[in-house]
There are 2 protein chains.
Amino acid sequence: MEDLQDILVRLKSTGIKNTKHRIRILEFLNQSHQPRSADEIYESLRQEDSSISLSTVYRAMDILVANELVNKVNFENGTKTSFEINRHIHHHFVVCLGCNKVFSIEGCPIHEYEHELEKKTGFKVVGHKLELYGYCKACQRQQKHKN
Amino acid sequence: MEDLQDILVRLKSTGIKNTKHRIRILEFLNQSHQPRSADEIYESLRQEDSSISLSTVYRAMDILVANELVNKVNFENGTKTSFEINRHIHHHFVVCLGCNKVFSIEGCPIHEYEHELEKKTGFKVVGHKLELYGYCKACQRQQKHKN
DNA sequence: TTGCAAATGCAAATCATTCGCATTTGAGTG
DNA sequence: CACTCAAATGCGAATGATTTGCATTTGCAA
């Protein structure tokens, strides 16, 4: 887990204001092992001493995403947008349809494919979205027991 | 373009009712070269002689997707769900961020990767989502002219 | 042709997200 | 440290896509 300090340094270097809420949001996402929805962030911060409003969370997410401190993700299962700390490490998600847990995998199997496509078609690729869906070991075991 | 008749045969074989609206929706999607939103389907069918309600479109899409006659797609750019005829041919989308046109590419660069991942981690993959985003030739040309 | 479950239309409801506006706050400046 | 002001926040209302309840209509099997 990247040190929170490094993230706060990056926050400062963006030039946007360094507010209590933004710091607490980054703190929460940094220690979270799963991408989180605006709602989950809101509920988590609300528990603590100082309160926050949901629209502030949404606005914070917008600006943190724009400044590359946070990534925005939309999964096929589930309706809400999720957010995770942007560690500037290219990765993809493996999502368990049983327990909805999200696993991260580093590396990318399609970079080469992108180049080929560019050469072949002239299309200029600037980004991609790749997610794998299925069942984690634990959910596979549970499934077997049911039968 | 697959013959509409084949699609209607598949519709019949599902056992769900063979209604005028559903047939016209399949017809529209079959001749469409782009995935379409519920709204676009609604507007298109409304023009023609008989009318339709938007909720009927949504309900039809649900059941057509459940019966594998139609695929549901959510693109990163844009907020609405899109639908396309399900031709049962594995493919992915290349989306132009300039003109929002969607191109289809057959074949899949990650099947082998999926197998590796399964072997390595024990995760059982049942599906994936892969889309490429960038700029088509035409939009690249236009971009140059602006500079 | 009849019966009935499934499909439809319409309006109201829902849910995530955004926006308007009055108030507060971070952070540079003197 | 006090001052200023744009940026950030809180609250509630608005939005936009999608869903739902319910009364009516329509496929289709018998």
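Order of the sequence lines sets the chain letters (A, B, ...), proteins ahead of strands, with each chain counted from 1.
Taking every side-chain heavy atom of Lys80(B) into account, dA17(D) is the closest of dA8(D), dT17(C), dA17(D). Which of dT8(C), dT9(D), dA27(C) sits closest to the side chain of Thr19(A) comes down to dT9(D).
In terms of position on DNA chain D, the residue among Arg22(A) and Ser37(B) whose nearest nucleotide sits closer to the 5' end is Arg22(A). Position along DNA chain D of the nearest nucleotide to Lys72(B) versus Ile16(B) favours Lys72(B) as the more 5'-ward residue.
Judged by atom type and distance alone, Arg59(B) reaches the base of dG9(C) through a side-chain donor-acceptor pair under 3.5 Å.
Remark: Thr56(B) is not in phosphate contact with dA7(C), judged by side-chain N or O atoms under 4.0 Å from OP1 or OP2.
Residue Ser55(A) is in base contact, counting any heavy-atom pair closer than 4.0 Å across all strands shown. Note on Thr81(B): only backbone sugar-phosphate atoms sit closer than 4.0 angstrom, heavy atoms only; bases stay farther off.
To the nearest angstrom, C1' of dA16(C) lies 11 Å from CG of Asn74(A). Between Lys12(A) atom NZ and dG26(C) atom P there is a gap of 12 Å when expressed in whole angstrom units. Remark: C1' of dG27(D) and NE2 of His21(B) are 12 Å apart, rounded to the nearest angstrom. Regarding Arg46(A), its CZ atom lies at a distance of 14 Å from the C1' atom of dC11(D), rounded to whole Å. In this structure, Asn67(A) atom CG and dA7(D) atom P are separated by 13 Å, rounded to whole Å. Put simply, CG on Leu45(B) is 10 Å from P on dG9(C), counting in whole angstrom units. As a whole-Å value, the separation of Tyr58(A) OH from dG10(D) C1' is 16 Å. Between the CG atom of Leu54(A) and the P atom of dA8(D) there is a distance of 18 Å, rounded to whole Å.
Taking the six-membered ring where the residue is Trp, the centroids of His88(B) and His90(B) are separated by 6.0 Å or more.
The two atoms that bring His92(A) and Pro109(A) nearest to each other are CD2-CD, 4.4 Å, heavy atoms only. Between Tyr135(A) and Cys96(A), the shortest heavy-atom contact is CA-SG, 3.9 Å.
Counting non-hydrogen atoms of other residues, nucleotides and ligands closer than 6.0 Å to NZ of Lys129(B) gives a total above 12.
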Exercise for review: Walk me through it: do Glu76(B) and Lys72(A) pass the test side chain to side chain contact (heavy atoms under 4.5 Å, CB included)?
Suggested key: CA-CA 10 Å; Glu76(B) 295 287 279; Lys72(A) 188 183 213 170; over 6 Å; no
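Under a 4.0 Å N-O distance rule, the pair Lys119(B)/Glu116(B) does not qualify as a salt bridge. Using a 4.0 Å cut-off between charged nitrogen and carboxylate oxygen, Glu27(A) and Arg24(A) do not count as a salt-bridge pair.
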Tabulated below should be each protein N or O lying under 3.5 Å from an N or O of nucleotides 1-5 of chain D; please produce it.
none

